[in-house]
Amino acid sequence: MAIVDSAGKKEQVRRMFNDIAPKYDFLNHFLSLGIDRCWRKRLVRTLKKLHPATILDVATGTGDLAIAALKTGAHKITGVDISAQMLEVGRKKLIRKKLDDRIELIEGDSEALPFADADFDAVMVAFGVRNFGDLEQGLREMARVTKPNGAVFILEFSKPRLFPFKQLYNFYFRYILPFFGRLVSGHRQAYTYLPDSVLVFPDGINFLDKMKRCGYNNVKQHRLTFGIATIYSGSKT
């Protein structure tokens with residue numbers, strides 16, 4: 001998936017997720033062997049300790065993280081995403097689960113969030129910052145809409161480093177996952193884009209440095225499942 005510039009990447013990502021939206025949830029859980037659910041629960045358990053009343057889920061997709069975040073006890077959860085088709089799948093899911101009165105999903109750009117400054121107690125995103133056209137702009141926007149003393153939590157894929165898990169994972173990620181992703185979704189690029197985007201993403205210390213540059217304090221990382229994914233967090237003062 002060739003990307004020319006940030007605007008071009010954003011539009012390609014929008015089209016890609018619109019195309020795979022009907023199969024996205026199934027593939028997400030199938031290709032991760034269900035571990036993605038555990039990662040979201042881990043983020044929510046940490047977030048719950050802060051007792052947020054209002055939460056924004058950036059790049060919400062079909063709303064899985066927003067739904068999981070109901071366990072925090074928040075009385076208002078809002079999800080935002082650029083993909084209209086992903087949101088449509090999410091809204092149907094909320095209606096089916098009778099949660100449409102507790103979670104609102106709206107279409108919007110993660111790099112130009114349609115909310116006022118300091119609007120939310122907490123902001124979260126799962127597997128979305130990797131898709132931003134301009135990563136630092138997206139991070140600044142999330143900080144902007146977070147209240148003073150609020151927190152931002154980011155769950156994202158990262159690169160395992162331990163032998164032999166690193167080698168086994170890389171083989172699965174580069175060859176097995178794209179094959180089954182293409183087979184089920186019928187989309188040639190989407191599940192090649194996934195490993196390619198993870199490989200170029202500045203994970204670990206590099207990502208924490210970006211968070212600091214974008215106005216976050218007390219930045220931390222917690223690596224999950226041998227480093228396949230990482231939860232990053234930072235506060236807004």
Side-chain angles (χ1 to χ4, degrees), residues 1-3 9 12-46 57-65 67-68 81 83 85-86 89-90 93 124-133 135 138 153-208 210 220-233:
M1 182 175 177
I3 302 296
K9 176 180 179 179
Q12 288 186 50
V13 165
R14 186 202 311 269
R15 290 199 304 267
M16 179 181 71
F17 281 103
N18 278 338
D19 289 344
I20 67 174
K23 302 289 181 63
Y24 178 81
D25 280 346
F26 169 77
L27 281 167
N28 215 24
H29 305 320
F30 174 74
L31 294 174
S32 72
L33 306 178
I35 300 174
D36 63 303
R37 291 188 175 98
C38 299
W39 295 336
R40 289 185 180 88
K41 288 178 181 178
R42 182 62 178 268
L43 186 158
V44 169
R45 284 199 302 269
T46 305
D57 183 23
V58 175
T60 190
T62 64
D64 274 354
L65 183 57
I67 292 170
D81 201 281
S83 168
Q85 293 305 312
M86 292 284 278
V89 172
K93 185 191 304 182
M124 59 185 188
V125 53
F127 311 113
V129 295
R130 192 183 71 257
N131 301 320
F132 290 175
L135 176 57
F153 290 86
I154 298 166
L155 171 60
E156 189 52 86
F157 287 113
S158 49
K159 296 180 277 291
R161 295 179 173 84
L162 294 177
F163 176 87
F165 187 78
K166 171 184 176 180
Q167 286 72 21
L168 293 171
Y169 174 76
N170 284 343
F171 179 79
Y172 172 78
F173 212 47
R174 296 290 296 176
Y175 301 104
I176 306 300
L177 183 149
F179 172 77
F180 282 104
R182 288 194 298 269
L183 185 66
V184 175
S185 71
H187 197 285
R188 293 180 59 85
Q189 294 179 322
Y191 290 89
T192 301
Y193 165 78
L194 174 57
D196 288 348
S197 64
V198 172
L199 287 174
V200 300
F201 183 74
D203 65 337
I205 297 298
N206 293 327
F207 187 71
L208 293 179
K210 282 188 177 291
K220 300 175 183 177
Q221 63 171 323
H222 184 83
R223 294 173 70 81
L224 307 168
T225 317
F226 302 103
I228 293 177
T230 300
I231 294 175
Y232 303 93
S233 61

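Note that the structure is a prediction, hence the values are computed from the model and not measured.
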Apply side-chain contact (heavy atoms from CB on, under 4.5 Å) to [X] and list each qualifying residue two or more places apart in sequence or on a separate chain.
X    : answer
A68  : V44
D203 : S158, K159, R161, F201, R223, Y232
T46  : F153
P202 : L135, N206, K210

Task: Atom of K9, atom of G133 and distance for their closest heavy-atom approach - done: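 Closest pair (atom of K9, atom of G133, distance): CD-CA, 4.2 Å.
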Expected list for residues 168-179: side-chain donor-acceptor pairs under 3.5 angstrom, two or more places apart:
{"residue": "N170", "atom": "ND2", "partner": "K166", "partner atom": "O", "Å": "3.3"}
{"residue": "Y172", "atom": "OH", "partner": "L31", "partner atom": "O", "Å": "2.4"}
{"residue": "R174", "atom": "NH1", "partner": "D196", "partner atom": "OD1", "Å": "2.7"}

Once rounded to the nearest 0.5 Å, what's the spacing between atom [atom1] of [X] and atom [atom2] of [Y]?
X    : Y    : atom1 : atom2 : answer
M86  : T62  : CE    : OG1   : 5.5 Å
L155 : M124 : CG    : CE    : 10.5 Å
I154 : L43  : CD1   : CG    : 9.5 Å
R42  : I231 : CZ    : CD1   : 6.0 Å

Any side-chain heavy-atom pair of [X] and [Y] under 4.5 Å:
X    : Y    : result
F127 : L65  : no
T230 : F207 : no
Y24  : V89  : no

Qualifying residues under side chain to side chain donor-acceptor pair (under 3.5 Å), relative to [X], sequence neighbours excluded:
X    : result
Q221 : none
D81  : none
S32  : D36
S83  : N18

Task: Evaluation steps, side-chain contact (heavy atoms from CB on, under 4.5 Å), between L27 and I20 - done: CA-CA 9 Å; L27 281 167; I20 67 174; 6.0 Å; no
Task: Pairing residues for R45 by the salt bridge (charged side-chain N to carboxylate O under 4.0 Å, His left out) criterion, not counting sequence neighbours - done: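 Applying salt bridge (charged side-chain N to carboxylate O under 4.0 Å, His left out) to R45 gives none.
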TODO: Could I get the full list of ring pair (Phe, Tyr, Trp, His ring centres under 6.0 Å) partners for F226, not counting sequence neighbours?
DONE: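 For F226 the ring pair (Phe, Tyr, Trp, His ring centres under 6.0 Å) partners, ignoring immediate neighbours, are F165.
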Open item on the list: Donor-acceptor check, side chain of K93 to backbone of G63, threshold 3.5 angstrom: yes or no?
Closed with: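 Answer holds: no.
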